[in-house]
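Some notes on the structure that comes next.
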Amino acid sequence: MTPPDGCSGPAPDGPDQRRLLLVAPSPRLVQEAVSAGYAVWTVSDSREAGAEPTGWGTPAGPSGPAGVSAGADPGAEGLTGQVGPPGPSPGPAPVPLRADFGDARALCDLIAETARDHHIGWLLAFGEVSTLPALLETAERLELSPNPAESVRLLGDPSAMRGLLNGSEHSYVTSVCAQSFDELPTAVERVGMPAMVRPLGAGAAGPRAVLVRERPDIDTGRVRERLSDHPGPYLVETFLDGPEYGVETLTVDGMHRVLGITALHRAGPAGHDHLFPAPLAAGDEAEIRAATTGLLGLAGYEFGFAYTVAVLTADGPRIVRSQARQADEPIGRLIELATGFAPEAELLRALTGAPVEPPVAHRYASAVPFRLSPGEELPACRLKEITGLPGVRDVRLPHPRGNDPVPDAGADGDGQGHVVLTAGSPAEASLRVASTLRLLGAEKG
């Protein structure tokens with residue numbers, strides 16, 4: 001492999017912290033890193049049909065790397081988190097590499113070879129691959145990651161996370177494990193109904209948690225059908241009744257900073273949506289922040305983004321799940337739209353040791369899931385009307401438009417789309433959501 005232009009001189013004796021190996025990064029992160037003076041190697045998934053290796057490209061606009069943009073976002077002008085460059089000028093063009101992310105051994109071999117040959121100082125992984133155990137262990141063994149692999153595992157494994165919290169009596173939730181479906185009835189009886197059944201080790205593409213309200217839910221086969229692709233094991237927990245909140249954090253040297261809290265599945269006049277910042281009482285917000293940072297501390301999390309979901313019950317907040325990564329779209333964009341905070345730039349600043357400054361919201365941002373009827377398509381003229389509505393920033397469609405043989409860049413693969421918009425208040429956000437969905441004629445997700 002040929003080093004980037006400008007990196008062909010004498011190799012350093014050891015790792016050079018100006019050299020980054022980025023696995024599955026966004027195009028904007030790559031550009032931020034290069035602009036900040038880093039030498040960058042990127043690894044993309046060779047299984048993605050037609051995907052080009054991540055390298056130098058046009059930075060994502062207001063709509064992100066994919067989707068239907070509603071035009072220029074006036075709030076983007078004040079993005080915070082400009083990177084303090086490690087070098088006096090922009091870095092060389094990045095070197096794009098490809099690997100099969102489904103072959104952990106081949107991916108880790110490529111990472112080890114690249115790190116050794118080019119004296120990589122840091123490895124940063126994103127998306128689903130960021131929690132791959134083999135990748136985490138390789139990064140730790142090569143001393144490329146500021147984070148212990150065990151801390152990421154503790155956060156991402158629902159059973160390990162619950163054991164960690166219950167053992168410390170923080171955010172305690174009654175739970176038991178069932179190794180197979182045949183053990184579920186006994187496990188549910190021990191926990192009490194209603195109960196949540198969470199498949200373990202299924203990954204993001206596996207079945208979601210299933211609510212068991214009463215014994216017939218199991219006996220009639222409804223639960224078995226929902227879990228048919230995952231025979232076990234399962235984590236069975238007490239159902240947590242209350243509103244859900246998503247907490248985005250950025251940790252540097254073990255210091256956890258809450259970047260913001262999003263109200264999830266908020267019931268409003270327009271249906272359910274996600275709203276940032278969450279309209280919370282000061283005491284409730286403080287408790288949710290404490291529960292989240294307490295979990296990260298227990299797990300020994302040292303560096304990077306994390307996304308944690310908590311339910312605000314009558315007895316206080318209880319943690320539902322956590323991952324050592326940013327929130328998935330569309331929730332991941334809401335903080336940036338409401339505050340101007342640029343997460344990619346802030347992460348790179350954190351690598352240089354710069355303090356993390358939590359952003360301040362100057363407006364609200366909302367994401368609203370929706371579905372279209374089977375076979376229904378959204379005419380281009382209607383889409384243009386929707387994107388022209390006040391505050392609408394993106395419309396992501398749940399299936400292809402026209403006769404495209406593959407989903408368009410803004411299509412969600414699970415049959416669900418979403419609208420992203422901004423507003424001056426929660427009430428205004430609800431009105432804009434209602435107007436948008438009326439024009440869509442869509443079934444709310």
Side-chain angles (χ1 to χ4, degrees), residues 24 26-28 48-51 57-73 75-76 126-128 204-205 208 246 248 262-266 268 270-276 307 325-338 343 364-423 429-430 432-445:
S26 68
R28 189 166 70 174
E48 296 180 359
T58 302
S63 64
V68 182
S69 172
D73 181 356
F126 303 88
E128 290 298 321
R208 297 181 179 180
E248 191 95 42
T262 303
L264 306 177
H265 316 298
R266 184 183 68 111
H272 290 82
D273 66 342
H274 312 306
L275 181 70
F276 178 88
Y307 180 67
R325 48 178 289 196
Q326 288 178 272
D328 290 330
E329 297 303 323
I331 296 170
R333 282 203 62 226
L334 299 186
I335 293 179
E336 182 174 350
L337 282 172
Y364 287 83
S366 180
V368 189
F370 72 91
R371 297 180 187 276
L372 299 176
S373 302
E376 181 183 359
E377 295 183 0
L378 195 64
C381 60
R382 182 75 59 81
L383 181 60
K384 185 176 180 180
E385 287 183 85
I386 294 166
T387 57
L389 289 173
V392 172
R393 303 300 175 193
D394 294 307
V395 181
R396 286 211 173 197
L397 303 176
H399 55 69
R401 294 194 303 270
N403 297 318
D404 294 341
V406 296
D408 66 271
D412 283 353
D414 63 354
Q416 181 170 276
H418 60 259
V419 178
V420 175
L421 54 85
T422 56
S430 292
R432 290 182 172 183
V433 166
S435 298
T436 301
L437 290 178
R438 277 198 300 270
L439 195 53
L440 276 167
E443 175 189 346
K444 294 179 283 293

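The structure presented is a predicted model; accordingly, all values stated were derived computationally and were not measured. We count residues from 1, following the sequence as given. What's counted below: heavy atoms across the whole structure, side chains too, no hydrogens, waters or symmetry copies.
The side chain to side chain contact (heavy atoms under 4.5 Å, CB included) test with Val420 is passed by exactly one of Ile331, Asp394, Val392: Asp394.
Ala365 and Leu337 get closest at one heavy-atom pair: CB-CB, 4.0 Å. Here the closest heavy-atom approach between residue Glu248 and residue Arg325 is recorded as OE2-O, 4.3 Å. Across every non-hydrogen atom of Ala24 and Phe126, the tightest pair is O-CB, 3.4 Å. Across every non-hydrogen atom of Leu275 and Ser366, the tightest pair is CD1-CB, 4.1 Å. Closest non-hydrogen pair, Ala367 versus Pro369, comes out as O-CD, 3.8 Å.
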Note to self: Between Val368 and Thr436, does the side-chain contact (heavy atoms from CB on, under 4.5 Å) criterion hold? Intermediate values first, please.
What the structure shows: CA-CA 10 Å; Val368 189; Thr436 301; over 6 Å; no
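To the nearest 0.5 angstrom, Leu439 atom CG is 9.5 Å from Thr387 atom OG1. With values rounded to the nearest 0.5 angstrom, Leu389 atom CG is found 10.0 Å from Arg438 atom CZ. In this structure, the separation between CZ on Arg333 and NE2 on His418 is 8.0 Å, given to the nearest 0.5 Å. Between the CG atom in Leu397 and the CG atom in Leu383 there is a gap of 6.0 Å [rounded to 0.5 Å].
Looking at heavy atoms from C-beta onward, Thr262 lies out of side-chain contact with Tyr307 at the 4.5 angstrom threshold. A 4.5 Å side-chain heavy-atom check between Gln326 and Pro343 finds at least one atom pair inside the cut-off. Counting only heavy atoms from C-beta outward, the side chains of Val433 and Val419 never approach each other to under 4.5 Å.
Formation of a donor-acceptor pair under 3.5 Å by the His274 side chain with backbone atoms of His265 is found in this model. Counting only distance, with no hydrogens or angles, the side chain of Thr422 and the backbone of Tyr364 share no donor-acceptor pair below 3.5 Å.
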